[in-house]
Amino acid sequence: MIEQVKGTQNISNDDSLKYLYIQSLFLNKFGDYGYKYIQTPLLEYKELFDKSIGESSEIVTKQMYELTDKGGRELVLRPEGTSSIVRYHSEFNKDTTNKYSYFGSMFRYENPQKNRYREFNQAGVEIVGLIDEYSDFQIINDSYNFINELIPDTKLKVNTIGSISDREKYVKVLYDYFINNKDKLSQESIEKLENNTLRILDSNNTDDLEIIKSAPKINDFINAKSQKSFSLILNNLNSAEISYEIDESLVRGLDYYNDLTFEFATSNNVVIGGGGRYDNLAEILSLGKFKGVGVAFGVERIMNNISIPENYTKYYLLGTDVKNLTKYSKMLDQHNINYNKPARLSKANSQFKEAKKQNVMYLINTDEDTIKNLITNETEDFSIEVILEH
RNA sequence: GUGAUCGUAGCUCAGUUCGGUUAGAGCGCCUGGUUGUGGUCCAGGAGGUCGCGGGUUCGAAUCCCGUCGGUCACCCCA
């Protein structure tokens, strides 16, 4: 027995319906909003993510699917979408400002569990180029509208992490503080001290929380321009009547963010999407000087938190004679009427049972030349007019 | 990377503790009949390398080791 690759998925049955529902809502909505859909490769040079996500982050150090191709190139299966969009923008649209959307598989080598898979789908949008606080607001506003149509009680958390140099200063002070309290920290947090000091703030260990409570706050290190920018965004959210919560511990997993960071979570605190501003990403990658802001949603995490009504076929074409079946098919096809039919010429009783199982509404019996309403059990002679009246 | 738990028919599972003749059930599927205003019922049938590999044994679904996969949690994150 050949089993599936660990952490990959077969999206089937109810999940396929959810997947397609989310995908089409996403494409329609952001298409209308003016975001251009682009599909970048699943394979990228490893270097792209080493530099962008941050060489000390777990995604880069432990979670990338790396491979060397026959030409000796170091490639990875993409772990996220933003870096590819930035690469694309610099290659084809540098010096312009664009709104992009993408939807597809990402790969991270981690142990799978609920809401976390090795191959998973992200739906994301980005505004790249010359941008301002209105761009930040737009990303939040548009994605807020999108996600609330799927999960109405989604919570929005926002924060500002200041400029990169603000953050460097803050991390130094924070590091000193934690070093002085090292003996009270959990083992995991101590391990993060050297390379990931900021992420200690994310800890949910109860002992850590005590220390974190009185740790220096990033707010005291944020420069005036960043603070002004943040309050501008908050004002915009207020006037759009988008409810949010400021979460000063909101430090996102990717190093390229500055100033605005935000997250969407369900009422039971499953993070289903997040994003922020990345003014230096292009420069870090030596791709130019343009800025960006974006958001990405975990499609599976949305799927795990919605239920959608089932979609039933209306008609079922029953019959045991190919000539009759073909005649009816042709008639229905010509009128653009969709219908289900048996996969093979099984006996009429099996087909009848199949139609009932699929919850179809009308059974067209080509053997008897009748159409039957399976809910009321009324049968009448078949004619195309009967169907056109439905 | 760490830990827990599971893996027997298409599906849900019994059998594994205390190893022993051709590995079972329900549902589903197929065939024939019955019903015929059809979804019922009856009879028969197909379908299993017991996740995979090795070991112990006269003998392994059952015991031991390894491995792959599912689920869940930690870490981390979407």
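Throughout, a chain's letter reflects where its sequence line sits, starting with A, and its residues are numbered from 1.
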Quick one: [X] [atom1] to [N] [atom2], roughly how many Å, whole number?
X	N	atom1	atom2	result
A:Tyr109	B:U2	OH	P	11 Å
A:Lys357	B:C27	NZ	C1'	11 Å
A:Lys62	B:G1	NZ	C1'	6 Å
A:Leu250	B:C77	CG	P	12 Å

Item checked: side-chain hydrogen bond (donor to acceptor under 3.5 Å, both in side chains) partners for A:Glu126, two or more places apart -> A:Thr82, A:Tyr278
Note to self: Tell me which pairs pass side-chain hydrogen bond (donor to acceptor under 3.5 Å, both in side chains) where either residue lies in residues 341-357 of chain A, with sequence neighbours left out.
What the structure shows: A:Glu354-A:Gln358
Margin query: Ring-plane angle category for A:Phe30 and A:Phe26, please: parallel below 30°, perpendicular beyond 60°, tilted otherwise.
Written below: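 Tilted, since the angle between the ring planes falls between 30° and 60°.
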Next item on the list: Check the angle between the aromatic planes of A:Tyr88 and A:Phe92 and answer parallel, tilted or perpendicular using the 30° and 60° thresholds.
Entry: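 Answer is tilted, since the angle falls between 30° and 60°.
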Check: Is A:Lys99 close enough and on-axis enough to A:Tyr35, meaning under 6.0 Å and within 45°, for cation-pi?
Finding: yes
Check: If you link I, L, V, M, F, W and Y whenever their side-chain heavy atoms are under 4.5 Å apart, who else ends up in the same group as A:Phe107?
Finding: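 Hydrophobic cluster check, A:Phe107: joined to A:Leu42, A:Leu43, A:Tyr45, A:Tyr65, A:Leu67, A:Leu75, A:Leu77, A:Tyr109.
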Notebook entry, point to check: Hey, what else clusters with A:Ile284 if you join Ile, Leu, Val, Met, Phe, Trp, Tyr whenever side-chain heavy atoms sit under 4.5 Å?
Noted result: none
Checklist line | Under 4.0 angstrom between A:Arg344 side-chain N/O and B:C30 OP1 or OP2 | finding: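 For B:C30, OP1/OP2 do have a side-chain N/O of A:Arg344 under 4.0 Å.
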Sort out the partner of [N] for me: Watson-Crick or G-U wobble, both distances under 3.5 Å, none otherwise.
N	value
B:U56	none
B:A61	none
B:C75	none
B:C11	B:G26
B:A46	none

Pairs: protein N or O with nucleotides 8-11 of chain B N or O, under 3.5 Å:
none

Pairs under 3.5 angstrom, nitrogen or oxygen only, protein versus nucleotides 47-51 of chain B, please.
unit_1 : atom_1 : unit_2 : atom_2 : d
B:U49  : O4     : A:Met1 : N      : 2.1

Next item on the list: Mind checking side chain to side chain contact (heavy atoms under 4.5 Å, CB included) for A:Glu380 and listing every partner two or more places apart, or none if nothing turns up?
Entry: A:Ile371, A:Val386
Notebook entry, point to check: For A:Asn359, what residues pass the side chain to side chain contact (heavy atoms under 4.5 Å, CB included) criterion, not counting sequence neighbours?
Noted result: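 A:Asn359: side chain to side chain contact (heavy atoms under 4.5 Å, CB included) contacts with A:Tyr312.
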With the criterion being N/O to N/O and under 3.5 Å, what pairs connect the protein with nucleotides 70-74 of chain B, and how long is each?
unit_1 : atom_1 : unit_2   : atom_2 : d
B:G70  : OP1    : A:Gly7   : N      : 2.8
B:C72  : OP2    : A:Lys114 : N      : 3.2
B:A73  : OP2    : A:Lys114 : N      : 3.4
B:A73  : N7     : A:Gln113 : OE1    : 3.3
B:C74  : N4     : A:Arg116 : NH2    : 3.1

Notebook entry, point to check: Taking protein heavy atoms under 4.0 Å as touching, what does nucleotides 38-44 of chain B look like 5' to 3' if B marks base contact, S marks sugar-phosphate-only contact and - marks none?
Noted result: BBS----
Margin query: Return whichever of A:Glu263 or A:Leu345 has its heavy-atom-nearest nucleotide of RNA chain B closer to the 5' end.
Written below: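 Result: A:Leu345.
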Margin query: Just to be sure I understand the rule, does A:Gln63 reach a base, reach only the sugar-phosphate, or reach nothing, if contact means heavy atoms closer than 4.0 Å?
Written below: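 Sugar-phosphate contact only.
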Check: Does any pair with a residue in residues 232-248 of chain A pass salt bridge (charged side-chain N to carboxylate O under 4.0 Å, His left out), and if so which ones, sequence neighbours excluded?
Finding: A:Lys157-A:Asp247
Checklist line | Within residues 72-86 of chain A or reaching into it, pairs that qualify as salt bridge (charged side-chain N to carboxylate O under 4.0 Å, His left out) - sequence neighbours excluded | finding: A:Asp69-A:Arg73
Note to self: Once hydrogens and angles are ignored, does a donor-acceptor distance under 3.5 Å link the base of B:A78 to the side chain of A:Glu110?
What the structure shows: yes
Notebook entry, point to check: Between A:Gln4 and A:Gln9, do the side chains contain an N or O donor and an N or O acceptor separated by less than 3.5 Å?
Noted result: no
Next item on the list: Identify whether the distance between the nearest side-chain nitrogen and carboxylate oxygen of A:Lys51 and A:Glu47 falls below 4.0 Å.
Entry: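 Salt bridge: yes.
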Checklist line | Pair A:Glu110 + A:Arg118: basic N to acidic O under 4.0 Å | finding: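 Looking at A:Arg118 together with A:Glu110, the answer is no, because their closest N to O distance does not fall below 4.0 Å.
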